[in-house]
J.: 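Okay, handing you the structure first.
Excluded from the calculations below are hydrogen atoms, water molecules and symmetry mates; all remaining heavy atoms, backbone and side chain alike, are included. Proteins come first, then strands; the chains are lettered A, B, ... in the order of their sequence lines, and each starts at number 1. Bear in mind that the values here come from a model prediction, so they are computed numbers and not experimental data.
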Amino acid sequence: MFGFVIAHLLVAVLLPLVARRNTRAAFLIAAVPPAAAAVWLIARTPQVLAGETMTETVPWVPLIGLNFGFRLDALALVMTILVCGLGVLVLIYADSYFARGRGDARRSAPLLLGFAGAMLGLVVADDLTTVYIFWELTTVCSFLLVGQAGISRESRRSALQALMITSLGGLVMLLGFVVLGETAGTYRISELIDRPPTGTATAVAAVLILVGAFTKSAQLPFHNWLPAAMVAPTPISAYLHAASMVKAGVFLVARLGPIFEAQLEWRVPAVVFGLATMLFGGWRALHEHDLKKLLAYGTVSQLGFLMVLFGAGSHDAALAGATMLLAHGLFKATLFLVVGMIDHQAGTRDIRKLSGLAARQPLLAVIAALAAGSMAGLPPMLGFLGKEAAFGAFLSGPAGAAVDAFLVIGSMLTVAYSLRMWFGAFGTKPGLAQTTVKPADLQSLIPAGLPALAGLVLGVAYPVANELADGYATSYESVGKPAELALWHGFTLPLGLSVLAVAGGLVLHRVRTPLTAWRNRLPQPLNAQRGYERITALLERVAVAVTARTQVGSLPTYLGIVLVTVVVIPGSALLIQFTVPGDLRAYDNLMQVPLSLGVVLAALAVLRAHRRLTAVLLVGVVGYGIGGLFIVDGAPDLALAQFLVETLTVVAFVFVLRRLPERFSQADSSKAIRIPKAIIATAAGLFVALAAIGFSSARRAPPEASQYFMGHAEKGAGATNVVNAIIVDFRAFDTVGEIAVLAVAATGVASLILASRYERRRREQTQQQEVRG
Amino acid sequence: MGERTPKHKRLVRRVPLVIWLTAVWVLLWGTFDVGTLFFGVLVALLVTLLFPLPLIRTGMVLRPLPMLRLVGYLAWDLVFSTLRVAWQAVWHRRSAKAGIVASALRSDSDHVIAIVASAVSLAPGKFVMQIDRVNRTCYVYVLGLRPGEEDSVRREMWFLERLVVDAVGSDAQRELVRGEAG
Amino acid sequence: MSWTDVLSATCLIGGALSCLFGAIGLLTFPDVTARLQAATKPQTLGLILVLLGTGVQLNLGYATGLILVGLFQVLTAPVLAQLVGRAAYRTDSVDRDTLIVDELGERIDREPGVR
Amino acid sequence: MSPSTKPSWTSWDAPTERWLLSGFRREGQARSVLLELVARIVFPTVLVVSVYLLFAGHDRAGGGFTGGLVAGQAFLLRHLAGGRMDDSAVVSMRPPVLIGLGLTIACVSAFLPLLFGGQLLETAIYEFTLPLLGEIKFVSSVILDTGVFLLIVGVVLDLLRTLGSGIEADADAAARERR
Amino acid sequence: MTINLTVAFAIAVLYSVGFYLLMQRSLMRILLGIVVLGHGSNLLLQIAGGPPGRPPMLDIARPEEMTDPLPQAMALTAIVITFALTTFLLALAYRSWSLLGHDEVRDDVEDRRIQRLEKRMESGEDADHDSTEDEPAKESAQ
Amino acid sequence: MTVLVALPVLLPLAAAGLSLALGRFADVQRILGLLVLGVIIADAAVLLYASDEFGPVVLQMGGWPAPFGITLIADRLSSLLLLVSSVVTFAVLIYSIGQRITDYGRERSSTTFHPMYLMLCAGVSLAYLTGDLFNLFVAFEIMLSSSYVLITRRTTSARVRAGMTYTIVSLASSLLFITMIALVYASTGTVNLADLGTKVAELPRGLQIALALLVVIVFGVKAAMVPLHFWLPDSYPTAPAPVTAVFAGLLTKVGIYALIRTQTLVFSHAETWDLMLGIALITMIVGALGALAQNDLNRLLSFLLVSHIGYMLFGLGVYNVVGLTGVILYVVHHITVQATLFLVSGLITRHSGTVALTRMGGMAKVAPLIAVLFALPALSLAGVPPFSGFVAKLALLQAGIGSGTITGYAVTAGAVLTSLLSLYAMARVWTRVFWGQVKAPAPDPDPTDELVVGTASSSRPMLAATGVLVVSSLVIALVAGPLGAVAGRAAGDLVHGEIYRTAVLGDGSGG
Amino acid sequence: MSLVFAVTFVLLSVAGLLVVVRLLLGTTTLDRIVAVDVLVTLVVAGTCVGMGLQQDGSNIALLAAFALLAFIGSISTAKLIEKKEPYR
Ligand code: NA
Ligand code: NA
């Protein structure tokens, strides 16, 4: 399995080389890996259905439990057939859909294949980290596929919206995964199913993971990215936003459902949000004029339906869910491809402009009818099987009844928008000219027709469908007699509900025009699109506000903050524990007093100096005074260096001051600024002095190193001057570094000062050239 | 400007500097032995040859006895003047008057003029504020100058010039200074 | 107390006093040039005396180095005096009221092109 | 600028002879006979002192670093008295080259002990007796010190070249532009 | 081993003065602040070794009366490094002066732009960041 | 064998000296630089192998035993970071050489760049390798001083201000560093890191805490942790691309490294370090929000850099093997990716002539290669799998959840949010720069400066260098398994400081 | 003898503080230059006395360097003052 995934991705990476020369070949080559995977998988079906699961593990970063773990079981099989099979068909369809040589085509082939690979990896994943890896890969592919070249602002926004919402969910889900994995001690899904963890952490994980599933599967209130993503080319919508990617969320719920079987925090939100989404999506679909938008809301609705089924956590619901999963993939892919063809050939997909297409494109109309029938849940389509199983799964208890009631309403809406879709696309509308269309080519018709046909075939051959679906459903223990898929169970309540749904749907379809008018008059407080925009705008505002307040751009402020940090953080720690040391003395050597006094006076005078040179001289005096203190301390080497350096510093200042104004340019700032600065500076200075006292009082023994140096200087380093021995021998490496800094500084000074000389020279050259020219 | 001097002569003229530098080396080490001397000469030669100064025909001659006289005079002047200025510093303070006196010298040598100027400036109370080299004039700032004392300042300068020329000047310069003085 | 000690003590105290008087002069004299006189020159004497006083206390090997220090001081003090004094004169830091004669000023005034 | 061609009275004390720099005179460089006389004596003297500090460092205050800085002061004095530095040495070496050389010597000296089976930056002490000169002690770390010395001299020369002459050139150019 | 009050006082003043100068706008004052801070820290480093004593030279003093040589060596390195960086900053001040005609540290242009944007947002003129597309672009590319 | 530890420092230093001396021979400088950095890569690889296999490689400089002389030590952490850093510096050097040759031809030498660049590398290497606090200061100064020169080289009026901010703040923190060393020495009498580990533990508790916090501040300024980060977005973005790339990739990480090294070896924490976690959270969020507020590509990247420093502090705050493993992985990943992004930004700017996002567009069409070169590190930075950033992030999230504290959970949530905001920022850059209508390049705003933008195309070496780094980050992801294992062992070494201490001081207690 | 040294120290210290006062008062920069020069001379003298007190003259070269430094620093600043830049 890992091999297949890698093959997809590798071919996708290399495909641009082909796509640059020949886009047609690119799509066909891209179809090869999914085709191979599909063939291999279908060949595996019997073993898998016999309960013989295949597992595979490729370790990546074992230390953090990051592995590629795969497992081919019934659920994975259903999904892989969808992903690979539809992938092949969409790629073949895309080959004819995309105009030759266009940038969109060059970009789309590799991305579609890469997406297929990621999707394949996702559905066979048996490890939470693996799930997340492929999950995010599909998000990225989707972003690039939706945005395409990002020419229009709408496409950019839609792509970004899809990316942000699904990534948000993805990240929350990742958090959930980590919580789950760290609690259970394993990230392996099959192990988690075998030994489901319990407790608060698990509940938290369940909710977090659900958020991820909701965003990806466009559940309320995250649904809006999906209709917005319809700016993408149709094959992409068909594949990503109908058949495969949006299924990832419900697939995840299906996959992890057995772990959280016992968690109400898992089941209740899934069912509640699923139902809400189902109703909302159906309602919106009923009013859309754009066929793609209509289908998109239909998808939202169906995803809600699936969420209910997988989230319910029972055998029968799971059976229905697996069936609907398959059915939806088949009919929705067909419908998108059909709409794509209509769009291509009629130049529009607005149902207010389309008329009489059934007569001109009978084959297309039939294909669409098959798919729409499955969507509406008409027998003998696969959709019917699923829907009936769904109605049957919620018969027990008042909660189940309530769910069933909502499901029926949802199904009515489904029937209604299915009708609206088909009649809108193919029906002849009074007062509207017949739409002129180009004939559809076979390369498009076959990929569109095959899934629709499959929906019919699987519906008729319901035992096969049952076996596929039941393979997954058995991961839940069934309470009573497990349900089975069949076209005819007898006159049962589910049958009645089905009939009710169809009838209701017909009614809704008839009253759709007044209904739309009524809906347009309703206030719309709950607009997810506006909500998204508000949130992003708010984010921008917060970002700008925070940045404007923290990043003030003023160096004095920055330094002030650094100092305040120093005073507040280590300073308070120091103050709390500070005790006056017992051996505190006024001075050690009398000479320290006048020297320190001189230093202090000169330093304070620097603050009051208005002339630059005066300030420099005063600082020089401070330096000489420090040198004097060094001598008193018994550090002649240091004093010598201090004096030399001080003199050079003063001279360097003087060199520069030759060109600078005599006085400091800065006007005295106001008291309101000066006083806080003075307070901060004084506090920081006191902190250092206090720290110096506190820290120096903590040492008891003379340093070993110095004793060692004194002992070894003469024999080991050949020097009686211990300081020199340290500089050139014991710690010679410091000296090497120190001269490196000097070299750097000198080079830097040269680079700064001589820059103006180079500029002058360049200016003169250009002037000369101008004179000559 | 280069009058061609034979190479060996030019080297010979560097000898005083080498001796001085060697002496400095020995003074610094404070030990007088063959090794120190050897390395002293080595370092002195190295410095002299790596950073050669232009040769100047000074015609200077060192005369030990007059040299001692000069040094003695300067030392005395230094002590005496210091006491005088200290007196002024404590008692006269702000009322101290001063003057700038132009004093023409007789020698036309950079060396002599510079040494005279330095010698005057060494002691407190007066210093050469500016030298007019072309006109051989020193402008001497005198602290505590009383009106009418200008000529005594000039006389003092001439006296000092004579001391200097006696100590280090060439015979021609001595001639010049004595002639004018007489 | 040997005679070296007496000599040394005299020199040291004398030198320090010289330095002190210089410092007093630096504080009390009215303008730069006067202070320059008062300050730098007594320092020269003071330093030489202190060097001498210390030199007789130390052994000969070390004392030789002090000669060098003294020489430097004697050599450099006049140059500094000239440069500082001239700068003071040029920047009008000299109090003209204290000058009873100014032959340099007269000369500069006589030659109009000279700044 | 006054229309007069007469030099400022401060340049009356320019010496009549070339005291410091061979064959080089700089336009507008203020000269002073006293300063040049002192520089002429002090410059080589200070160089000798700096070499002394370099070698005396092992036993007394000093070392390559202070030695180099003192030598730097000598060059500084010469810069103040005579102006541009480039011609001051027989072997005219651009300061960056001197800096680079010093750094390279210092780094290479770290590796030298490896050739004799020692550790990186290890010091070897050789004592030998020469005829006449007596006992000579050579401490290998003096090579590092020499590198430091050269580098520091280079740094000071570079500062004189840039902060000194470079800024002066800028000032001259600004004055020219204003004219 | 506690350092004495005199030196501690000097250190406090040096650091305070240095920090105060550091918070100024004139680059030259900042630079002087860094030099003063350098002095303070070098003094502190040297004092960290312990009370005064004889120079650490084996031929003139006994080890127990010597000052601690290690901080001296470290302070020496620190002095050199401070010097090196001071000259660099000095050159930078000069460069700033010759380029901009002043040697002050002015506020960041781009930060100011964001503050203006924030003000406009607060007054409700420009809520949508996307519409900054029409805004006159930033002063410079680099 | 042990001499290998000193090579990454001494070789570039010597080469910098030579390069300075041979300033007029452009080709010699270039070859010298590439050669030395190439040798360092090999050296670092050997050190990594050796330290992982046989324990830390220790060199006592001058043959003086620790804690008296200066110890250089390459343990797993330092050799790993050294290896990654040297790959980055090597690639950036190629980029820089390519840029210069493209714009000015082969003959024009640039006297300062190569020596300063080599110095920078030496400083970075020394910072990783030294086992001595004062020597660490010297390393920082070598590194920083050369960075001052690089950031102000050929300054224009726009850049001189940035150079000032950078230099002054760095200098201020260096002075705090020296102060800290003085306090350390005053109280313990040693500057050897391993020795300090035992000596600091003997200090009174209050002093220990104060010292630890002071150390955090000193290195926090260099590492740009909030609220000490302000200088970074105001200064880095203005420098030429290769300089910014190295700064962003390495310099802040050296701060992080120093923080990790000192906080594990010298100070020790019994449990999760809540203050550090809080700082981490604020750093992440403030940085990410800052990025969203920017219209300047380089500033946006700089704010993201700040934000992701928060990740590294996060792992340090968790303070256990898992957390430190995460930090190490994150540092390794981030060095590569952040440098790459700044190089790509340089490529983008060359094409567009501007760094203003609003003035760019359609670059995916004009320069698809640059689009790819941007997309991969951008995704990695945003922590999207399967790139290196994801691996590191996952490790950190695990550490955060595993910490079992409320603060830990909060910071983990913050990390997730930051990840989302980073992705948002990157996606916005993508939509503005690479999507949309193709826009004509803006004219070079300052034709007199060294930087050529808006007109020139990028040369092969520049693209290749960027590509090398992109591939390196992919390789990091690919070998994340063994890398993670090494990082885990390195983190183990950090938590149990005995290995380091024994390697430096020997089996005795340091006598 | 050590009493003599002590007295010397005190006298020099007082002188030094007086010089610092002048340094702070100014009034012109040249005054300050002169004051700095004097101050260094005092430090040299003080150091010298200190050496005498400790009977240790091994670092006398240090004094030579000091003496020179004061000179160089002072003349460079004095030369700056003298040079009147036209832009002022
Ligand atoms: Na040695
Ligand atoms: Na440019």
J.: Heavy atoms only, distances under 4.5 angstrom: which of E:D59, E:V80, E:L90 has the most pairs with chain D? Name it, please.
T.: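 Maximum pair count with chain D is reached by E:V80.
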J.: Say you draw a straight line from OG1 of D:T66 to CG of E:L76; how long is it, rounded to the nearest 0.5 Å?
T.: 7.5 Å
J.: Please find the pair of heavy atoms, one from D:R60 and one from E:M57, that lie closest to each other, and give the distance.
T.: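 What the structure gives for the nearest pair is C-CE, 3.8 Å.
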J.: Heavy-atom cut-off 4.5 Å, strictly under: side chain, backbone, both or neither for D:A174 against chain E?
T.: neither
J.: Out of D:D158, D:V155, D:L159, which residue meets the side-chain contact (heavy atoms from CB on, under 4.5 Å) rule with E:T87?
T.: D:L159
J.: To the nearest 0.5 angstrom, please state how far the CD1 atom of D:I167 sits from the CH2 atom of E:W97.
T.: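 Nearest 0.5 Å value for the CD1-CH2 distance: 10.0 Å.
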J.: Give, as side chain, backbone, both or neither, the part of E:F88 having an atom under 4.5 angstrom from any heavy atom of chain D.
T.: neither
J.: Should we count CZ of E:F9 as having more than 12 external heavy atoms under 6.0 Å?
T.: no
